[in-house]
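In what follows, a single structure is set out as structure tokens and then discussed.
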Amino acid sequence: MARELRRLLRPPGPFRFHESAARFGMAREERVNLYDGRTFRRAAGEGAGGLFLIEAEAGGEGAEAPVAMTLRAPESLPRGAARAGERALGHMLAFDLDLAPFCAMAREDPRLAPIVERFEGLKPVRYLSVFEALVTAITTQQVNVGFGAAIRGRMTERWGDSLRLGGESYFAFPRPEALARAKPRELRRLQFSERKAEYVIGVARAAAEGEIDEDLLRRLPLEEAVERLSALRGVGRWTAEQGLFRGLGRVEAFPGGDLGVQKVVARYCLGRERAEEERVRRVAARWAPWGGLAVAYLFAAWRAGVPPARPLRKRPSRSASRE
DNA sequence: TACCAGGTAAAAA
DNA sequence: TTTTTACATGGT
């Protein structure tokens, strides 16, 4: 098979590539899901020899443009790469998610309406597995996202498979079997806390043992799925919701305990800087079953520097835009 | 210098 | 059962 393959993908319905992929470009230290403002890159495939690079770009302007996918490998693309690449990219960019019912609801909500109007076609991006989503969430527990991405990046360089292309190394997210064999001491050296090290190794062992059943987690009612994941040490409600939302695309998961969510809901829906979990959950109740999706749109507005409809009460301007 | 970062588990009350 | 506290470290 060739070293390179190009495909033009047409997601059903509107899709805004850059606004969606921007979520992957949040931290400069990110080593697995790379987005530079133009191209999304991600190593996928099995093992060192079967690895290939997925690249994706907008195939034009606007929400109706296709997505241009390119697959690359140093020697030759592994058998089945075309299908696997298309499948992986479609999952990560949530091609299967139908935004129409959410948008219909959002247009009736005076807080969401202007944001959805501007960003319609934004999809909440996903990781390649619940395992990846859980470990990614654990690394950012209680620390700023940059530091979380930094230690995750070191972890990835140590335990992830990699491929070399055009003088660059690209890393796949470490496989559970690899991380399951890591020693807490090794992770400590990469600036993981003792706890985080234990959590990550524990979740990796569970995944390696097949105890994270994605099909089941997809089918289960959200609360039951959260409960099941929360049985893993180091996985509280927030991490479980991240796992379901970012791993499986369960957009009804609303992470009300999330500091960022509290800020963004407070900002755009309550006209304040910060609100408590209970309060933001009450606000989000009217977005059910698309709470997580609403959050994705609020974050997009925040990242783009969209001002709230009403000026904030107390402590007026603190720069809120990112990037 | 404190205090906060897109939390969690375990101890203390 | 509910409420603190330790955890690690970088940025402001």
Side-chain angles (χ1 to χ4, degrees), chain A residues 22-30 32-33 35 124-127 132-155 182 184-204 206 226-247 250-251 253-270 272-281 283-284 291-304 314-315 317-323:
Chain A
R23 175 59 176 66
F24 283 135
M26 248 174 69
R28 198 177 303 284
E29 298 85 349
E30 173 66 45
V32 176
N33 297 290
Y35 177 67
V125 294
R126 307 168 184 159
Y127 298 115
E132 178 180 343
L134 289 175
V135 171
T136 298
I138 289 169
T139 55
T140 53
Q141 285 173 359
Q142 183 53 26
V143 297
N144 63 71
V145 279
F147 180 68
I151 59 175
R152 192 168 67 247
R154 290 173 208 143
M155 177 193 84
R185 195 173 355 130
E186 296 178 88
L187 285 160
R188 280 289 289 127
R189 274 201 289 274
L190 308 183
Q191 291 186 293
F192 279 66
S193 66
E194 190 72 35
R195 287 237 191 103
K196 269 187 189 159
E198 292 167 8
Y199 296 169
V200 164
I201 293 168
V203 168
V226 166
E227 245 175 68
R228 191 165 281 259
L229 284 178
S230 303
L232 298 165
R233 184 155 179 274
V235 179
R237 184 180 184 96
W238 178 83
T239 305
E241 285 169 336
Q242 293 296 319
L244 295 168
F245 180 59
R246 292 291 174 194
R250 302 259 335 225
V251 295
F254 177 82
D258 183 313
L259 185 54
V261 170
Q262 291 170 5
K263 285 190 196 169
V264 88
V265 170
R267 180 179 183 81
Y268 289 107
C269 306
L270 300 169
R272 8 173 6 121
E273 292 238 337
R274 188 67 195 279
E276 315 206 327
E277 171 163 7
E278 204 175 317
R279 185 92 191 266
V280 300
R281 283 196 187 277
V283 172
L293 205 37
V295 163
Y297 276 77
L298 293 176
F299 269 124
W302 196 24
R303 276 197 290 272
K314 67 180 175 182
R315 279 187 296 170
S317 80
R318 244 181 64 193
S319 160
S321 71
R322 302 188 172 188
E323 289 171 352

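Labels below follow one simple rule: chain letters A, B, ... track the order of the sequence lines, proteins then strands, and each chain is numbered from 1. Nothing here was measured: the structure is a model prediction, and the numbers come from that model.
Taking atom P in both B/dA9 and C/dG10, the straight-line distance is 24 Å, to the nearest Å. Taking atom P in both B/dG6 and C/dT2, one finds a spacing of 29 Å when rounded to whole Å. With C1' as the reference atom, B/dT8 and C/dG11 are 23 Å apart, rounded to whole Å.
One can place CD of A/E273 at 11 Å from P of B/dA5, the figure rounded to the nearest angstrom. For A/E277 and B/dG6, the CD to C1' distance is 13 Å, given to the nearest whole Å. Rounded to an integer number of Å, the gap from CZ of A/F192 to P of C/dG10 is 14 Å. To the nearest angstrom, P of B/dA9 lies 16 Å from CD of A/E194. The nearest whole Å value for the distance from the CG atom in A/L259 to the C1' atom in B/dG7 is 10 Å. Atom NZ in A/K196 sits roughly 11 Å away from atom C1' in B/dG6 (whole-Å rounding). Between the CH2 atom of A/W302 and the C1' atom of B/dG6 there is a distance of 8 Å, rounded to whole Å. The nearest whole Å value for the distance from the CZ atom in A/R237 to the P atom in B/dA9 is 13 Å.
On a pure distance criterion of 3.5 Å, no polar donor-acceptor pair joins the side chain of A/Q191 and the base of C/dA8.
Backbone-only engagement by A/Q141 is indicated by non-hydrogen atom pairs under 4.0 Å involving sugar-phosphate atoms exclusively. Using a 4.0 Å heavy-atom distance criterion, A/L187 is classed as making no nucleic acid contact. Among the protein residues, A/V235 comes within range of the sugar-phosphate backbone only, with heavy atoms under 4.0 Å from sugar or phosphate atoms but none that close to a base. Nucleic acid contact for A/V261: none, since no nucleic acid atom lies under 4.0 Å from a heavy atom of the residue.
Distance alone, capped at 3.5 Å, is enough to place a donor-acceptor pair between the A/K196 side chain and the A/Q141 backbone. Between the side chain of A/E30 and the backbone N or O of A/N33 there is at least one donor-acceptor pair closer than 3.5 Å. In terms of modelled atom types and a separation under 3.5 Å, the side chain of A/Q191 and the main chain of A/R154 share no donor-acceptor contact.
With C/dG10, B/dT8, B/dG6 as the candidates, the nucleotide lying closest to the side chain of A/F147 is C/dG10. Closest approach to the A/Y199 side chain among C/dC7, B/dT8, B/dG6 is made by B/dT8 (side chain taken as heavy atoms from C-beta onward). Between B/dA5, B/dG6, C/dC7, one nucleotide has an atom nearer to the side chain of A/R274 than all others, and that is B/dA5. Of the listed nucleotides (B/dG7, B/dG6, B/dA10), B/dA10 has the atom at the smallest distance from the side chain of A/R233. Each of B/dG6, B/dA5, B/dT8 was ranked by its minimum atom distance to the side chain of A/Q142; first place goes to B/dA5.
Atom CD of A/E194 has more than 12 heavy atoms from other residues, nucleotides or ligands within 6.0 Å.
Between A/T239 and B/dT8, a side-chain N or O to OP1/OP2 separation shorter than 4.0 Å is present.
The shortest side-chain heavy-atom distance between A/K263 and A/R274 falls under the 4.5 Å cut-off.
A/Q242 and A/T136 share no side-chain donor-acceptor pair at under 3.5 Å.
Nucleotide B/dG7 is matched to C/dC7 when pairs are restricted to Watson-Crick or G-U wobble geometry with both distances under 3.5 angstrom.
Place A/G146 and A/S230 on DNA chain B by their nearest nucleotides, and A/G146 ends up nearer the 5' end. Nearest-nucleotide positions on DNA chain B for A/N144 and A/L232 put A/N144 closer to the 5' end.
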